[in-house]
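One structure below.
Protein chains get the first letters and strands the later ones, always in sequence-line order, with residue 1 at the start of each. What you see is a predicted model; the values in this text were computed from it and never measured.
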There are 2 protein chains.
Amino acid sequence: MHSPHKWRHRFRANVSRWTVPREIILDFLSRTSKHMSAKEIYASLYRMYPGIGLTTVYRTLDLLVRIGLINKLTFGDGPSRYEFKSEKKNEHHHHLLCTKCGRIIDYNDFMGEELKLTKKTEETLAKKYNFKVQDHNIEFYGLCEKCQ
Amino acid sequence: MHSPHKWRHRFRANVSRWTVPREIILDFLSRTSKHMSAKEIYASLYRMYPGIGLTTVYRTLDLLVRIGLINKLTFGDGPSRYEFKSEKKNEHHHHLLCTKCGRIIDYNDFMGEELKLTKKTEETLAKKYNFKVQDHNIEFYGLCEKCQ
DNA sequence: AATGGTAATGAAAACCATTATCATTAATAA
DNA sequence: TTATTAATGATAATGGTTTTCATTACCATT
Ligand SMILES: [Mn+2]
Ligand SMILES: [Mn+2]
Ligand SMILES: [Zn+2]
Ligand SMILES: [Zn+2]
């Protein structure tokens, strides 16, 4: 697995080596739309690649977050979950979380309005609290179709 | 500690008993504006009430969240934090989180605009995904005054 | 006020996600 | 090819939270 790959340069730029486990994990995440925990990723990969340890999954996920290729999602219950971050600018999205069954729904409606609100908020909060906003997170809690 | 208290009926309504540890913990939270972890609450109470166990703090916090008297905040790093939920309608607020030092800043600017956005979002998402929104959370990540 | 049924408590152990350790392996530059 | 050193993976350790279980204390009913 030494073929040139579209993400290889991102690792170089971050003084990190392009390794087999990293490619496998990143490739796996890029092909799923699920929000998976480290253990779930480990288990999914185990059948095909039993050599990859859970520790390496954790370390790789941490690196991918630092590099900016994936998002780490921490909802109140259970383990952290991860999702591939699409490079397409219009695929920025947030989540609906079912408080009963735990279902996670992506949505990207209202991104225009949201951008307007967040931009305005960021500017004013920067002045008022001298706080430099880098990112934001919005989530809605409630009951999904099946659970209400 | 058997005096009638303004929160006592909330416990009754939830088939829960009004106990000394519960009153102490709730009273403590209602008097601080900090966002504290279970262990921090336990430690704060220990001097005056060394009889209250950490387990009871966890259980009481869980109950208070269920009853709706406090909020549980789970930022990615470290333990969950808790804050008293003000009964005043205009004190709904969100958080600015410093990614460097962990500082948490409350803000309640733009609540008008926010309400407009969230209401609109809730309505449309209810139709589109048949999802019944109960609550929402917004947070901004960045660098606080001291850390930039 | 006394009683009894049962929820709540607290100490300890268990649980579980995540991180640290360390000997071994493998990616990269020379 | 070789040397350097980052990355890996098995294992142990960590730390927040939950479970267990014997004891205590609410509180509805006498
Ligand atoms: Mn998503
Ligand atoms: Mn707050
Ligand atoms: Zn559901
Ligand atoms: Zn800071």
Separation of C:dT18 C1' from A:L54 CG (nearest whole Å): 9 Å
side-chain contact (heavy atoms from CB on, under 4.5 Å) partner of A:Y58, the single match among A:L54, A:D62, A:T55: A:L54
Distance-only donor-acceptor test, A:R59 side-chain atoms vs C:dT19 base atoms, 3.5 Å: no
A:R8 vs C:dT28: side-chain N/O to OP1/OP2 distance below 4.0 Å: yes
Assuming nearest nucleotide by heavy-atom distance, tell me which of A:S37 and B:L63 is located more 5' along DNA chain C. B:L63
Of B:P79 and A:G51, the one whose closest nucleotide on DNA chain D sits nearer the 5' end is A:G51
Side chain of A:T55, base of D:dT11: donor and acceptor closer than 3.5 Å? yes
Length of the line joining B:R12:CZ and D:dC27:P, which is rounded to integer Å: 6 Å
Greater than 12 external heavy atoms within 6.0 Å of B:K85's NZ: yes
Please figure out whether A:T19 or B:A38 has its closest DNA chain D nucleotide nearer the 5' end. A:T19
Starting at CG of A:N108, measure out to CD of A:E91 and round the result to the nearest 0.5 Å. 7.5 Å
Atom CZ of A:F11 and atom C1' of D:dT8: how far apart are they, to the nearest Å? 15 Å
How long is the line joining CG of B:D77 and C1' of D:dG16, in whole Å? 13 Å
Atom CZ of A:R81 and atom P of C:dA17 are separated, to the nearest Å, by 10 Å
Please verify the inter-ring angle class for B:F11 with B:W18; under 30° counts as parallel, over 60° as perpendicular, anything in between as tilted. perpendicular
Short side-chain N/O contact from B:R17 to OP1 or OP2 of D:dA25, under 4.0 Å: no
Are OP1 or OP2 of D:dT17 and a side-chain N or O of B:Y58 less than 4.0 angstrom apart? yes
At 4.0 Å (heavy atoms only), tell me whether B:S16 reaches a base, stays on the sugar-phosphate, or touches nothing. sugar-phosphate
